[in-house]
Q: 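Just passing along the structure, written as structure tokens.
Both backbone and side-chain heavy atoms feed into the values below; hydrogens, waters and symmetry mates do not. Quantities reported herein were computed from a predicted structural model and do not represent experimental measurements. Below, chains carry the letters A, B, ... as their sequence lines are ordered, and counting in each starts from 1.
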Amino acid sequence: MTEENDENEQIALRRQKLAELRQQGNPFPNDFRRNVVAGELHAEYGGRDPAEIETRNVRVKVAGRMMTRRVMGKASFAHLQDMSARIQVYVTRDAVGEKAYEDFKKWDIGDIVGAEGTLFKTKTGELSIKVDEARLLAKSLRPLPEKYHGLTDTETKYRQRYLDLIMSEVARNTFRTRTAIVRAIRRFLDERGFLEVETPMMQVIPGGAAARPFVTHHHALDMSLFLRVAPELYLKRLIVGGFEKVYEINRNFRNEGLSTRHNPEFTMLEFYQAYADYHDLMNLTEEMLRGLARSVLGTETIMYQGDQYDFSKPFRRLTLREAVLHFNPDIREADLDSLDALRRIAARLQVPVKDMYGAGKLQLEIFEKTVESKLKDPTFITSYPTEVSPLARRNDKDPGVTDRFELFVGGREIANGFSELNDAEDQAERFRKQVAEKETGDEEAMHFDEDYVRALEHGMPPTAGEGIGIDRLVMLFTDSPSIRDVLLFPHMRPEK
RNA sequence: GGGCCGUUAGCUCAGUCGGUAGAGCAGCUGGCUUUUAACCAGUUGGUCGGAGGUUCAAAUCCUCCACGGCCCA
């Protein structure tokens, strides 16, 4: 849309009204001060007797966007919506005067209005304000979406989030819940002695996850920089530095496709705790999510897209091998150790496979194809192959797997954690393998980070770390089917 | 990247077999001093996502493109 062709007669008329207002002074005054918001009034007076309210003669000043208007001759009702709620105002010619009432009738739905008056309850019992002074504080030039159906067009909801927020209490609550979740996580970790830190978003060597990075260029230094795909390697440097419990909640960037579960930038919690292992973190995660459900939703039972998930019970735990065998009765345990068998199974499942894939990578591919979406109730999958876990500690009994877990809820990965690899020589060897894979064309393979190995060489205490995808967690807690519903401004292609 | 669906008034949506583009809300005019999807009467508003094509005639059929949604990879 361009400025010329999206004007219509309603906008033109409002512009004309604005032009007339300009003749009478600045139509965008900033000297009105409210002394209360609608929600406070409902909380304080909503349950009180009408007679009591009138006797008290409560004077209030409110401001907000005019969302409804019903003119009945010499008296009108309207609703003002502010950050907390809506409050009805009752405007009459006799109370505000003839001139002011004529002005009021020219205001439009969507205008920002300030009103002063006395509280009362209408005969249907709605708390309202009998207005004796009203002012137009900002003119709205564009008509709002339809009052009953609201804004339903998903594209417009995402592109013009301000309209969605004006029109939809559900949308407003989704983002309030998002903030409540992040706040509760911070409190949970702060209370347990974790230190919140900030580490680089622009990295010389992108590390910490198998993902394709965005590349940018620093002009003064004349060098490429990568937007981070994860903060992991920096947070573990802090563990080496002696900050034994750290966390960061911030944006990651991955140069991959978009879907209902993927946005190019997304928010991740990562936390690291020295002298702990992955079992400790599974326990901590259960406690955190259970507490979140209780404090944010007020229940430990989460409803998501028609399904019910019980967070009060201990989360199920099974190894990746167990999970694959459980959901694939036709696969024998011996198959999982045979490259030939794994390749046959992958072919049958139509999973694209490269020659360089080892048994571990094939197991993971088969797991993702046949198991992941079926893990509805909260489930920890453990013992990921070492081949696909280049930063995780090997299991003491079986060096082919790592002390790692992922948490799934509703068929989606929510968290990924492990006992950290703190053997510098093993880490260097794993990086070399990643580099070899990168050289065969795997764009998601990791770089060799020499400084990170040097940090490990100084000695990192035994540590466990975890990442939790905040957006997916919010989706779950707000019953949102798409990641775009929990991002205020999701990535969209340009309109034109 | 592939498949399916969608795009019509500011918004929410109809639109039959290819034959003059509709409704509700919003807006405008008038009426109405306790309404609340207010009500009553009248009324304005359209490049039917874009570009081609078929046809006497296209919102409608065909092709391509754009954007969005869902599913798959």
Side-chain angles (χ1 to χ4, degrees), chain A residues 1-17 50 53-54 66-81 85-98 101-102 104-111 117-132 140-164 166-168 256-262 305 346-347 349-354 365 368-370 372-373 411 480-485 490-496:
Chain A
M1 282 192 289
T2 65
E3 207 173 332
E4 295 88 65
N5 71 8
D6 78 337
E7 296 280 287
N8 64 34
E9 60 179 332
Q10 291 193 45
I11 296 174
L13 189 66
R14 288 185 183 208
R15 281 196 195 281
Q16 197 182 315
K17 288 180 183 176
I53 293 172
E54 303 235 13
M66 187 161 70
M67 296 302 292
T68 67
R69 197 175 62 137
R70 296 170 293 281
V71 179
M72 302 165 302
K74 297 173 189 67
S76 299
F77 285 98
H79 278 105
L80 299 188
Q81 175 172 294
R86 288 185 184 187
I87 183 83
Q88 182 168 255
V89 293
Y90 181 53
V91 183
T92 63
R93 184 200 62 181
D94 292 350
V96 301
E98 191 136 8
Y101 191 67
E102 286 308 307
F104 167 79
K105 285 201 284 183
K106 291 193 188 103
W107 298 351
D108 292 292
I109 287 171
D111 285 352
T118 313
L119 275 189
F120 76 108
K121 273 191 173 177
T122 64
K123 65 182 183 188
T124 56
E126 178 168 350
L127 188 67
S128 306
I129 299 168
K130 194 169 290 178
V131 173
D132 40 58
S140 165
L141 294 174
R142 292 175 178 270
L144 286 175
E146 203 238 5
K147 63 185 169 189
Y148 186 60
H149 299 90
L151 183 60
T152 67
D153 182 68
T154 49
E155 186 172 348
T156 310
K157 282 167 78 79
Y158 298 150
R159 285 195 197 280
Q160 296 172 249
R161 184 65 87 185
Y162 41 90
L163 277 182
D164 188 31
I166 290 169
M167 299 304 297
S168 168
E256 293 162 358
L258 286 73
S259 79
T260 51
R261 274 156 290 174
H262 299 86
Q305 303 293 294
L349 294 169
Q350 295 178 306
V351 176
V353 162
K354 289 180 190 162
E365 294 286 333
E368 286 176 351
K369 176 86 177 183
T370 61
E372 204 171 294
S373 66
S480 299
S482 170
I483 195 170
R484 292 183 158 184
D485 298 321
H491 182 77
M492 303 287 280
R493 291 181 199 229
E495 285 176 71
K496 272 276 165 359

Q: For atom C1', what is the distance between B:A41 and B:U34, given to the nearest Å?
A: 23 Å
Q: Can you tell me the base-pairing partner of B:A23? Count Watson-Crick or G-U wobble geometry only, both distances below 3.5 Å, and say none if there is no partner.
A: B:U12
Q: Can you measure A:Met72 atom CE to B:U34 atom C1' for me and round it to whole angstrom units?
A: 6 Å
Q: Just the rounded figure in Å: distance from P of B:U35 to NE2 of A:His79.
A: 13 Å
Q: Counting only Watson-Crick pairs (N1-N3 plus N6-O4 or O6-N4) and G-U wobbles (N1-O2, O6-N3), all under 3.5 Å, who is the partner of B:U47?
A: none
Q: Which nucleotide, in any strand shown, forms a Watson-Crick or G-U wobble pair with B:G1, with both distances under 3.5 Å?
A: B:C72
Q: Considering all heavy atoms of both residues, which atom of A:Asp111 and which atom of A:Ser140 are nearest to each other, and what is their separation?
A: OD1-N, 2.9 Å
Q: Just the rounded figure in Å: distance from P of B:U34 to CD of A:Gln88.
A: 12 Å
Q: With rounding to the nearest 0.5 angstrom, report the CE to CD distance, A:Met167 to A:Gln81.
A: 8.0 Å
Q: Dump every N/O contact between nucleotides 66-68 of chain B and the protein below 3.5 Å, one line per pair.
A:
{"from": "B:C67", "atom 1": "OP2", "to": "A:Arg493", "atom 2": "NH1", "distance (Å)": "3.4"}
{"from": "B:C67", "atom 1": "O3'", "to": "A:Arg159", "atom 2": "NH2", "distance (Å)": "2.9"}
{"from": "B:C67", "atom 1": "O2'", "to": "A:Glu155", "atom 2": "OE1", "distance (Å)": "3.2"}
{"from": "B:C67", "atom 1": "O2'", "to": "A:Glu155", "atom 2": "OE2", "distance (Å)": "2.3"}
{"from": "B:C67", "atom 1": "O2'", "to": "A:Arg159", "atom 2": "NH2", "distance (Å)": "3.2"}
{"from": "B:G68", "atom 1": "OP1", "to": "A:Arg493", "atom 2": "N", "distance (Å)": "3.0"}
{"from": "B:G68", "atom 1": "OP2", "to": "A:Arg493", "atom 2": "NE", "distance (Å)": "3.3"}
{"from": "B:G68", "atom 1": "O4'", "to": "A:Glu155", "atom 2": "OE1", "distance (Å)": "3.0"}
{"from": "B:G68", "atom 1": "O2'", "to": "A:Thr154", "atom 2": "OG1", "distance (Å)": "3.4"}

Q: Using the ring-ring contact (aromatic ring centres under 6.0 Å, His included) criterion, which residues pair with A:Phe77? Sequence neighbours excluded.
A: A:Tyr90
Q: Partners of A:Arg161 by salt bridge (Lys or Arg N to Asp or Glu O under 4.0 Å), sequence neighbours excluded?
A: A:Asp164
Q: Between A:Lys17 and B:C28, is there a side-chain N or O to OP1/OP2 distance below 4.0 Å?
A: yes
Q: When only distance counts, do a donor and an acceptor, one from the side chain of A:Thr92 and one from the base of B:U33, lie under 3.5 Å apart?
A: no
Q: Apply side-chain contact (heavy atoms from CB on, under 4.5 Å) to A:Ala95 and list each qualifying residue two or more places apart in sequence or on a separate chain.
A: A:Thr92
Q: Regarding A:Gly257, tell me which of base, sugar-phosphate or nothing describes its non-hydrogen contacts under 4.0 Å with the strands shown.
A: nothing
Q: Flag the pair A:Thr68 / A:Gln88 as yes when at least one side-chain heavy-atom distance between them is below 4.5 Å, and no otherwise.
A: no
Q: Report yes if at least one side-chain N or O of A:Lys147 is closer than 4.0 Å to OP1 or OP2 of B:C11; otherwise report no.
A: no
Q: Rounded off to whole Å, could you give me the CG-to-C1' distance for the A:Asn8 and B:U47 pair?
A: 15 Å
Q: Can you list the residues that meet the side-chain contact (heavy atoms from CB on, under 4.5 Å) rule with A:Pro481, with sequence neighbours excluded?
A: A:Gln305, A:Asp485
Q: Using the C1' atom on both, measure B:A58 against B:G18 and round to a whole Å.
A: 6 Å
Q: Applying the Watson-Crick and G-U wobble criteria at under 3.5 Å, what pairs with B:U7? Answer none if nothing qualifies.
A: B:A66
Q: Could you tell me whether A:Lys130 contacts a base, only the sugar-phosphate backbone, or nothing, with contacts defined as non-hydrogen atoms closer than 4.0 Å?
A: base
Q: Kindly write out the residues that satisfy side-chain contact (heavy atoms from CB on, under 4.5 Å) with A:Lys123, not counting sequence neighbours, or none if the list is empty.
A: none
Q: Counting side-chain heavy atoms from CB outward, which of B:U34, B:C28, B:G10 is closest to A:Lys123?
A: B:U34
Q: For A:Glu54 and A:Arg69, take the nucleotide of RNA chain B holding the closest heavy atom to each; which residue's nucleotide lies nearer the 5' end?
A: A:Arg69
Q: Return the set of residues passing salt bridge (Lys or Arg N to Asp or Glu O under 4.0 Å) with A:Glu365 (not counting sequence neighbours), or none when no residue passes.
A: A:Lys361
Q: Would you indicate which nucleotide in B:C28, B:C11, B:A26 comes nearest to any side-chain atom of A:Gln10?
A: B:A26
Q: Which sits closer to the 5' end of RNA chain B, A:Ser128 or A:Val71, going by the nucleotide each is nearest to?
A: A:Ser128
Q: Base, sugar-phosphate, or nothing: which does A:Thr152 touch, judged by heavy atoms less than 4.0 Å apart?
A: sugar-phosphate
Q: Send over the distance from A:Glu126 CD to B:A38 C1', rounded to a whole Å.
A: 13 Å
Q: What residues, two or more places apart in sequence or in another chain, satisfy salt bridge (Lys or Arg N to Asp or Glu O under 4.0 Å) together with A:Arg159?
A: A:Glu155
Q: Take atom C1' in B:A38 and the same atom in B:G31, then report the distance between them in whole Å.
A: 14 Å
Q: What's the gap between B:G42 and B:G50 when it is taken at their P atoms, as a whole Å value?
A: 34 Å
Q: Could you check which of B:U35, B:C32, B:C28 has an atom nearest any side-chain atom of A:Lys74?
A: B:C32
Q: Residues in salt bridge (Lys or Arg N to Asp or Glu O under 4.0 Å) with A:Arg14, at least two apart?
A: A:Asp108
Q: Atom CG of A:Leu144 to atom C1' of B:A37: distance rounded to whole Å?
A: 15 Å
Q: Among the candidates B:U35, B:U12, B:A37, find the nucleotide nearest to the side-chain atoms of A:Leu151.
A: B:U12
Q: Strictly under 3.5 Å: I want the nitrogen or oxygen pairs between protein and nucleotides 71-73 of chain B, one per line.
A:
{"from": "B:A73", "atom 1": "OP1", "to": "A:Lys369", "atom 2": "NZ", "distance (Å)": "2.4"}

Q: For the C1' atoms, the ones on B:U55 and on B:G2, what distance do you get once it is rounded to whole angstrom?
A: 33 Å
Q: Provide, to the nearest angstrom, the distance between the CZ atom belonging to A:Arg70 and the P atom belonging to B:C25.
A: 15 Å
Q: In whole Å, what separates the P atom of B:C64 from that of B:U47?
A: 27 Å
Q: What integer distance in Å separates A:Arg142:CZ from B:A9:P?
A: 15 Å
Q: Taking all non-hydrogen atoms of both residues, which atom of A:Tyr101 and which atom of A:Lys74 are closest, and how far apart?
A: OH-C, 3.2 Å
Q: Of the non-hydrogen atoms in A:Ala346 and A:Val353, which two are nearest, and what is the gap between them?
A: CB-CG2, 3.6 Å
Q: Do A:Glu146 and A:Tyr148 pair up side chain to side chain, a donor and an acceptor below 3.5 Å, judged on atom types alone?
A: no
Q: Among residues at least two apart in sequence or on other chains, which ones pass side-chain contact (heavy atoms from CB on, under 4.5 Å) with A:Glu102?
A: A:Lys105
Q: Could you list the protein-to-nucleotides 41-44 of chain B atom pairs, N/O on both sides, closer than 3.5 Å?
A:
{"from": "B:U44", "atom 1": "O2", "to": "A:Glu9", "atom 2": "OE2", "distance (Å)": "2.7"}

Q: Using purine N1 to pyrimidine N3 plus N6-O4 or O6-N4 for Watson-Crick, or N1-O2 and O6-N3 for G-U wobble, each under 3.5 Å, what pairs with B:U60?
A: none
Q: I'd like the P distance from B:G22 over to B:U63, given in whole Å.
A: 29 Å
Q: What integer number of Å spans the P atoms of B:A21 and B:C25?
A: 24 Å
